Amino acid sequence: MAEPLSTGRRSFWRSSLLTLPVLLWSMLMFSRALAQPGLAPKLAAFITLAFVVILFHQMMRTAETNRWRRYFFVALGFLFPIGFVWDLIALRGSMSIPVERMISGDTPFCFLAIPMMILPAALTKTVIFPGSILPTASNPHAIAAMVSLWLVATLALGKGWCAYGCFFGGIEEGFASFAKKPRIKRLDPRWRWMPWAVLAAVVLLSAVIVEPVYCSWLCPFKAVTEYPQVRSLETAAQAGIFISLFLGLVIVLPLLTKKRTQCSFLCPFGAFQSIFSKTSAVDVRIDTARCVPCNLCENNCPTLSIDRDAVKAGRPMMSCMRCGACVDICPRDAAVWHIKGTAPGAGGERARLLHLYAAWAFAVMFGGSIIANTLSKLIGLVV
Amino acid sequence: MKKLTSILGHSGAIAALIIAVLGPFLLFGWFQKGIGAMGLKIHPSYSGGAVSRVVERAGYRIVVHARVGRTTPWQRVAPFVQADWVPASALPASVSDAVDVDGDGKPDFLVAFKPAELTVDAVALNPRYRPLHSRGVTSFSALIARVNGSIVVRIPVE
């Protein structure tokens with residue numbers, strides 16, 4: 001029988017040493033917030049800094065990844081809509097986008113629209129989104145800013161965006177964490193193809209009817225961010241679809257299945273991002289020599305990226321978002337972090353560390369600033 | 001060969017880390033500039049299209065945009081032409097203007113609106129344009145709205 005590969009628990013001081021770069025990076029990232037006038041932004045930045053550093057320290061100390069990542073990701077998922085809607089209410093008194101704002105290019109850009117933009121941009125040099133290309137005083141969330149952010153995340157993390165960067169995935173991951181055991185255990189694996197079908201449909205339809213179809217008709221997260229002002233039967237139907245999809249795929253099904261069902265069954269951006277799964281140098285492999293098919297990895301994968309065929313093939317499917325749930329749960333250390341080009345099982349902890357430093361650097365910079373920003377608003381209510 | 005692939009793999013992982021760290025200091029700026037330099041524009045069905053001419057009136061001006069047609073036969077936003085009355089604060093209580101879109105010296109439509117009420121009546125003087133009777137926003141191609149200190153009117157086009 002092969003020797004176990006796991007690092008096991010590290011000492012406090014060794015974990016602290018490994019966390020030191022993250023502490024320094026976090027201090028750098030929050031230095032501006034810490035220097036802001038007023039107690040609320042300082043306190044929010046300090047709490048967020050402590051939060052991300054402690055989580056990373058725990059990752060180092062316990063050698064578990066997903067458990068601690070999830071705390072961060074769920075915090076991001078729940079705090080992002082609060083901060084976003086807070087700003088919308090302050091700016092225009094409502095979550096709905098009036099047409100006037102669309103005409104003036106003041107709609108904040110969302111990364112989910114990126115796949116739908118590509119064809120029209122390539123063919124007509126126009127962007128089918130009512131935002132602005134470069135940041136303006138009235139719209140800092142411009143298209144170029146968000147696309148740049150996505151490019152950096154994709155180059156650094158590939159599909160890891162869905163585990164460390166997406167500010168929507170944390171909502172369903174939060175609901176998926178509530179129940180101790182899933183009520184629905186078997187999900188038809190054919191549903192896995194649905195995001196690809198949605199991606200193909202929305203990309204082609206958007207180019208044909210010249211509007212971002214997913215944003216207009218299918219995005220569940222419109223229910224907790226912003227949506228077109230209800231002025232007609234059509235906009236009322238859109239609002240109904242957004243709310244229904246949010247309730248079904250983001251709240252109810254994750255509660256029943258303990259899976260990220262919106263990501264697994266609908267999200268076209270997740271499918272799009274899977275294409276970049278190949279670009280990241282770190283992935284997860286399953287050592288078939290060590291594996292006794294206990295199905296723990298399959299049952300615990302939040303995005304249905306592992307099945308028996310994947311286990312036999314020795315690697316999860318391309319929808320794997322590098323959350324580390326399978327590596328953490330595997331009792332025989334058969335699921336391991338892996339640097340491409342190396343033998344599976346060799347240097348698993350080195351692969352994990354390299355992945356985590358890159359992922360956490362991005363997460364602290366992007367998600368950390370969102371968390372601190374919303375916390376600052378909430379703390380401002382009481383101090 | 002195994003050593004080479006291993007070196008490449010490790011280099012890739014370290015490059016990912018460097019990219020993540022350089023992101024906020026260099027890469028975001030570079031990528032933004034790159035995207036800005038691509039010459040992309042917001043689709044005219046949202047932005048109203050390029051400005052074709054500006055007509056001066058007493059105390060205000062009319063910014064006339066080029067006709068926005070359909071990019072594809074299935075585009076949901078119907079063709080329209082947009083005109084902006086700027087600044088809205090200088091407009092009289094009731095505005096009535098004949099607008100020449102193509103600059104041929106002949107007015108194409110006659111627009112009458114009340115800035116305070118955002119109601120508009122447009123009569124087509126050229127068969128290419130459609131009449132418009134709207135209070136506020138009817139659709140993306142038929143509307144009167146207050147946008148950034150101006151009154152924007154979109155007239156449907158045949």
Side-chain angles (χ1 to χ4, degrees), chain A residues 25 29 98-105 120-121 123-135 138 142-145 147-149 151-153 155-158 207-211 229 231-232 279-282 339-343 346 350-351 354-355 357-362 365-366, chain B residues 2-48 70-77 82 84 136-140 143 145-148 150 152 154:
Chain A
W25 174 255
M29 289 297 105
V99 170
E100 292 83 345
R101 287 275 179 184
M102 294 191 195
I103 292 172
S104 60
L123 296 173
T124 66
K125 291 199 101 175
T126 59
V127 177
I128 52 167
F129 190 88
S132 59
I133 302 288
L134 292 171
S138 55
I143 292 159
V147 173
S148 305
L149 193 89
L151 273 173
V152 168
L155 288 171
L157 307 175
V208 166
I209 68 169
V210 198
E211 68 174 52
Q229 196 169 28
R231 298 191 200 225
S232 62
T279 63
S280 51
V282 178
I339 295 175
K340 286 177 184 168
T342 63
R350 192 187 313 137
L354 280 169
H355 171 67
Y357 278 127
W360 218 242
F362 180 81
M365 180 273 300
F366 180 55
Chain B
K2 275 187 179 173
K3 195 166 184 183
L4 179 67
T5 56
S6 171
I7 290 169
L8 286 173
H10 279 87
S11 305
I14 292 165
L17 176 58
I18 292 169
I19 288 167
V21 170
L22 288 183
F25 304 108
L26 288 176
L27 298 179
F28 290 155
W30 288 353
F31 288 151
Q32 262 197 65
K33 276 185 190 163
I35 293 163
M38 287 168 77
L40 293 171
K41 289 193 162 47
I42 298 297
H43 194 273
S45 59
Y46 297 117
S47 67
R70 287 186 197 270
T71 308
T72 69
W74 303 278
Q75 181 177 317
R76 291 187 74 220
V77 177
Q82 177 174 318
D84 314 333
V137 178
T138 307
S139 72
F140 261 104
L143 59 84
R146 189 179 289 266
V147 179
N148 288 344
S150 65
V152 170
R154 287 186 176 181

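Chain letters run A, B, ... following the sequence lines, proteins first and then strands; every chain starts at 1. Values in this document were obtained by computation on a predicted structure and should not be read as measured data. Note that these values count all heavy atoms, side chains included, but never hydrogens, waters or copies made by symmetry.
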_Using a 4.5 angstrom heavy-atom cutoff, name the option from I7(B), V21(B), V77(B) with the most pairs to chain A._
V21(B)
*Look up atom CG in L155(A) and atom CG in L27(B), then write down how far apart they are to the nearest 0.5 Å.*
8.0 Å
_Minimal non-hydrogen separation, T126(A) against L40(B), with atom names_ = N-CD2, 4.5 Å
*Looking at P73(B), P24(B), G36(B), G48(B), which makes the most heavy-atom pairs under 4.5 Å with chain A?*
P24(B)
*Distance in Å, T342(A) OG1 paired with L8(B) CG, rounded so as to fall on 0.5 Å steps*: 11.5 Å
*If every non-hydrogen atom of N148(B) is compared with every non-hydrogen atom of S104(A), which pair is closest and at what distance?*
ND2-CB, 3.3 Å
*asked:* Please rank A142(A), A144(A), A281(A) by heavy-atom pairs under 4.5 Å with chain B and give me the top one.
replied: A144(A)
*asked:* For V210(A) and T72(B): C-alpha separation, side-chain torsions, deciding distance, then whether side-chain contact (heavy atoms from CB on, under 4.5 Å) applies.
replied: CA-CA 7 Å; V210(A) 198; T72(B) 69; 3.8 Å; yes
*Looking at A361(A), S148(A), A358(A), A343(A), which makes the most heavy-atom pairs under 4.5 Å with chain B?*
S148(A)
*Could you tell me which portion of K41(B) (side chain, backbone, both or neither) has an atom closer than 4.5 angstrom to a non-hydrogen atom of chain A?*
both
*chain A contact via P44(B) - which portion, at a heavy-atom distance below 4.5 Å*: side chain
_What part of L22(B) gets within 4.5 angstrom of chain A, counting heavy atoms only: side chain, backbone, both, or neither?_
neither
*Is there side-chain contact between I143(A) and I35(B), with heavy atoms separated by less than 4.5 Å?*
no
*Where does S232(A) contact chain B at under 4.5 Å (heavy atoms): side chain, backbone, both or neither?*
neither
*Would you please name every residue forming a ring-ring contact (aromatic ring centres under 6.0 Å, His included) with F140(B), sequence neighbours left out?*
Y46(B)
*Where is the tightest heavy-atom contact between L134(A) and Q32(B), given as atom of each residue plus distance?*
CD2-O, 4.0 Å
_Which heavy atom of A13(B) sits nearest to which heavy atom of V282(A), and what is that distance?_
CB-CG2, 4.0 Å
*Rounded to the nearest 0.5 Å, how far does CE of M38(B) lie from NZ of K125(A)?*
7.5 Å
*For the pair T5(B) (side chain) and G341(A) (backbone), establish whether a donor and an acceptor sit closer than 3.5 Å, ignoring hydrogens and angles.*
yes
*Among M102(A), E100(A), M29(A), H355(A), single out the residue with the greatest number of heavy-atom pairs under 4.5 Å to chain B.*
E100(A)
*If you measure from CD1 on I42(B) to CD1 on I133(A), what distance do you get to the nearest 0.5 Å?*
4.0 Å
*For R154(B), is it the side chain, the backbone, both or neither that has a heavy atom under 4.5 Å from a heavy atom of chain A?*
side chain
_Residue, of Q82(B), R70(B), H10(B), that accumulates the most heavy atom pairs under 4.5 Å with chain A_ = H10(B)
*Select, from W360(A), F129(A), F366(A), the one with the greatest count of heavy-atom pairs under 4.5 Å involving chain B.*
F129(A)
*Where does V208(A) contact chain B at under 4.5 Å (heavy atoms): side chain, backbone, both or neither?*
both
*To the nearest 0.5 Å, tell me how far I128(A) CD1 sits from S45(B) OG.*
8.5 Å
_Distance in Å, I19(B) CD1 paired with L151(A) CG, rounded so as to fall on 0.5 Å steps_ = 10.5 Å
_Between S11(B), G34(B), A20(B), G29(B), who has the most heavy-atom pairs with chain A when the cutoff is under 4.5 Å?_
A20(B)
*Under a 4.5 Å heavy-atom cutoff, which of A121(A), A207(A), G105(A), A145(A) has the most pairs with chain B?*
A145(A)
*asked:* Tell me which of these, G131(A), S138(A), P120(A), has more heavy-atom pairs under 4.5 Å with chain B than the rest.
replied: G131(A)
_Is R101(A) in contact with chain B via its backbone, its side chain, both, or neither, using a 4.5 Å heavy-atom distance?_
neither
